[in-house]
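One structure is given below, encoded as structure tokens.
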Amino acid sequence: MSNVTQEPAETSEEALHQAAALTSTAVEALPGGRLASQLDGQAPLRIKLGIDPTAPDIHLGHTVVINKLREFQDAGHQVVLIIGDFTARIGDPSGRSDQRPMLDPERIDANAATFMEQAFKILDRERTEVRFNSEWLRMGSDQLFGLMSKATVAQLLERDDFQKRMAASDPISALELMYPLLQGYDSVAMEADVEVGGTDQKFNLLFGRDMQSAFGRPQQSVLTMPILPGIDGVKKMSKSTGNYIGVTDPPEEMFGKLMRVPDANLQEYWNLLLSEDPPAEVGPNEAKRELGRRLVARFHGPEASGAAEEHFNRLFVRHEVPEDVAEFEITGEVHLPAALADAFGISRSEARRVIGQGGVRKDGEPLPAEPLDYPASALDGAVIQVGKRRFKRFVEVA
RNA sequence: GGCGGAGUGUCCGAGUGGUUAAAGGAGACCGGCUGUAAACCGGUUGGCUCAGCCUACGUAGGUUCGAAUCCUACCUCCGCCA
């Protein structure tokens with residue numbers, strides 16, 4: 001029992017080499033040297049990634065970690081993808097400054113399904129085991145109490161997120177306190193050898209080790225990956241802050257969003273998403289374009305990438321109307337604020353404001369603040385544009 | 001269980017009876033400059049049948065000519081004591 005956690009006396013040259021390669025883009029690999037000695041064993045390692053299906057879409061931030069899993073797969077190891085359908089009901093407190101609402105089960109299931117679908121754009125299906133953690137976490141209270149006795153409140157409160165919240169007098173629910181215990185138990189149940197996550201997951205990942213040792217299991221090693229900033233270049237990429245690029249974003253949108261990433265973040269984006277340095281000999285504009293081409297090609301295929309760039313040039317370099325603009329049907333007398341509200345999903349008041357600011361164009365020409373009413377025939381076939389990137393073709397119908 | 005504090009717009013945060021749709025900041029949006037970058041500059045940022053009207057300051061009532069501001073109850077959160 002006691003010798004399972006002991007490191008072998010010597011680690012082979014080859015294992016050291018492999019470990020170095022696998023940890024090259026990681027921020028930390030803990031504990032030091034453990035991965036190398038694990039790699040020395042002949043059996044494939046079980047690499048765990050826990051995912052909370054709180055949002056349906058994978059964005060580029062997630063792909064940093066998923067890419068790492070792929071590297072492990074390519075080296076012959078087994079990935080265990082854990083869909084946190086049970087833990088999602090609690091909500092991971094990591095990086096949170098407030099409580100999360102509990103999610104309902106149907107939403108979680110739907111999210112999990114699309115999430116997996118998207119993860120397989122990167123992962124090798126053959127070497128991926130997908131499990132839902134409700135499978136083992138939906139336990140009886142006896143077992144749950146046993147689990148809870150393995151950790152102290154002090155340990156659970158140690159984490160930075162909670163310290164901050166307490167300092168700010170923000171609430172922490174007892175349920176949230178349970179999160180690391182449950183996630184840690186995932187590692188026990190799945191016999192994880194390695195767990196991968198963002199640096200914001202460090203506490204949870206390390207807690208998994210504590211749980212494993214509490215249950216007399218060998219302890220996993222932990223790999224933390226850098227957090228990709230969102231397209232604002234500042235905050236962590238996430239759906240809720242709206243600064244994300246989704247894996248399923250249409251090609252033009254993905255390309256466009258990548259072009260909006262601040263130059264200062266280029267290096268980071270290249271390193272984390274392509275595992276390369278940006279080309280030194282070209283300027284930031286071209287480096288960003290190349291980033292866009294490659295990523296669009298990865299998720300949508302090479303043809304899509306060319307089309308996306310062309311679309312970008314058309315709209316933002318040549319300031320032309322996009323090729324295919326969705327149509328919006330109008331009839332009779334058109335009250336512009338109302339039509340814009342319906343066509344673009346904004347309020348009528350907002351529509352009025354934008355018109356007043358010269359932000360609404362008809363076939364490229366700004367519309368004046370007056371009049372607000374037009375006969376449908378005057379707008380028939382015209383491309384109406386709000387701001388720089390929202391377009392609708394108005395079409396008169398009888 | 002007792003005592004005390006707090007709940008304001010997307011978020012943070014001023015505001016303690018009347019020019020308060022509510023200071024300031026962040027974010028977002030529009031425009032300018034550009035490489036749709038960032039930075040910077042200007043404007044906007046509750047809704048609507050828009051020179052007016054309606055709805056809003058935890059919820060429900062009440063006092064008052066008039067309330068985000070005072071009173072009562074309730075809900076939620078925080079702290080201290082037990």
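In what follows, chains carry the letters A, B, and so on, assigned in the order in which the sequence lines appear, proteins first and then strands, with residues in each chain numbered from 1. Just so you know, these numbers come straight off a predicted model, no measurement behind them.
Donor-acceptor pairing under 3.5 Å is recorded for the side chains of A/Gln220 and A/Glu195. In this structure, a donor-acceptor pair under 3.5 Å is absent between the side chains of A/Asn271 and A/Glu268.
Rounded to the nearest Å, the gap between the P atom of B/U69 and that of B/G17 is 11 Å. Going from the P atom of B/C30 to that of B/U36 covers 16 Å, rounded to whole Å. The gap from the C1' atom of B/G66 to that of B/C77 amounts to 32 Å, rounded to the nearest Å. Distance noted for atom C1' between B/U10 and B/G47: 16 Å (whole Å). Using atom P as the reference point in both B/C54 and B/G58, the two lie 22 Å apart (nearest Å). Using atom C1' as the reference point in both B/G31 and B/G24, the two lie 24 Å apart (nearest Å). Distance noted for atom C1' between B/G27 and B/C80: 37 Å (whole Å). Taking atom P on both nucleotides, B/G1 is separated from B/A14 by 32 Å, rounded to a whole Å.
For A/Gln357 against B/G31, a side-chain-to-base donor-acceptor contact under 3.5 Å is absent. In the interface, the side chain of A/Asp263 is paired with the base of B/G35 through a donor and an acceptor atom under 3.5 Å apart.
Nucleic acid contact for A/Gly233: none, since no nucleic acid atom lies under 4.0 Å from a heavy atom of the residue. Within 4.0 Å (heavy atoms only), A/Arg390 reaches sugar-phosphate atoms of the nucleic acid but no base atom. The residue A/Arg361 sits close only to the backbone: its heavy atoms come under 4.0 Å of sugar-phosphate atoms, none of a base. In this structure, A/Val360 reaches neither bases nor backbone, as no heavy-atom distance under 4.0 Å exists between it and the strands shown.
Rounded to a whole Å, the CG atom of A/Asn265 is 11 Å from the P atom of B/A38. The interatomic distance linking A/Asn285 (CG) with B/A38 (C1') rounds to 13 Å, in whole Å. Spacing between atom CG of A/Asn243 and atom P of B/C11 amounts to 18 Å, rounded to whole angstrom units. Distance A/Ile346 CD1 to B/A28 P: 18 Å, rounded to the nearest Å. Taking atom CZ of residue A/Phe344 and atom P of nucleotide B/C30, one finds them 11 Å apart after rounding to whole Å. Taking atom CD of A/Glu350 as the reference point, atom C1' of B/U44 lies 10 Å away to the nearest angstrom. As a whole-Å value, the separation of A/Leu340 CG from B/C48 C1' is 16 Å. Rounded to whole angstrom, the span from the CD1 atom of A/Ile355 across to the P atom of B/U44 amounts to 17 Å.
When the side-chain nitrogen and oxygen atoms of A/Arg260 are compared with OP1 and OP2 of B/G35, none of them lie within a distance under 4.0 Å. A/Ser347 has a side-chain polar atom (N or O) that falls below the 4.0 Å cut-off from OP1 or OP2 of B/C48. Note on A/Arg353: a side-chain N or O is less than 4.0 Å away from OP1 or OP2 of B/G47.
In the set B/U36, B/C48, B/G35, the nucleotide with an atom closest to the side chain of A/Phe312 is B/U36. Picking from B/A38, B/U36, B/U49 the nucleotide with the shortest atom distance to the side chain of A/Arg352 gives B/U49.
The side chain to side chain donor-acceptor pair (under 3.5 Å) test applied to A/Gln118 returns A/Asp57, not counting sequence neighbours.
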How does RNA chain B look in dot-bracket form if you count Watson-Crick and G-U pairs under 3.5 Å, write [ ] for pairs that cross, and put | where a base pairs with another strand? ((((((((.[[[..)..(.....]]]((((((.......))))))(((...)))...[[[[[..)....]]]]]))))))).

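At distances below 3.5 Å, not a single donor-acceptor pair connects side-chain atoms of A/Lys121 with backbone N or O atoms of A/Thr248.
A salt bridge is defined here as a Lys NZ or Arg NE, NH1 or NH2 lying under 4.0 Å from an Asp or Glu carboxylate O, and A/Lys288 with A/Asp263 meets this definition. Residues A/Glu310 and A/Arg318 are paired through a salt bridge, judged by an N-O separation under 4.0 Å between the basic side chain and the carboxylate. Salt-bridge check for A/Glu286 with A/Arg293: passed, with a basic side-chain N closer than 4.0 Å to an acidic carboxylate O.
Across every non-hydrogen atom of A/Ile330 and A/Ala376, the tightest pair is CD1-O, 3.6 Å.
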A/His62 vs A/Phe115, ring pair (Phe, Tyr, Trp, His ring centres under 6.0 Å): CA-CA, chis, key distance, verdict: CA-CA 11 Å; A/His62 296 114; A/Phe115 205 105; 5.4 Å; yes

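Both A/Arg389 and A/Pro337 lie close to RNA chain B; mapped to their nearest nucleotides by heavy-atom distance, the more 5′-ward contact belongs to A/Arg389.
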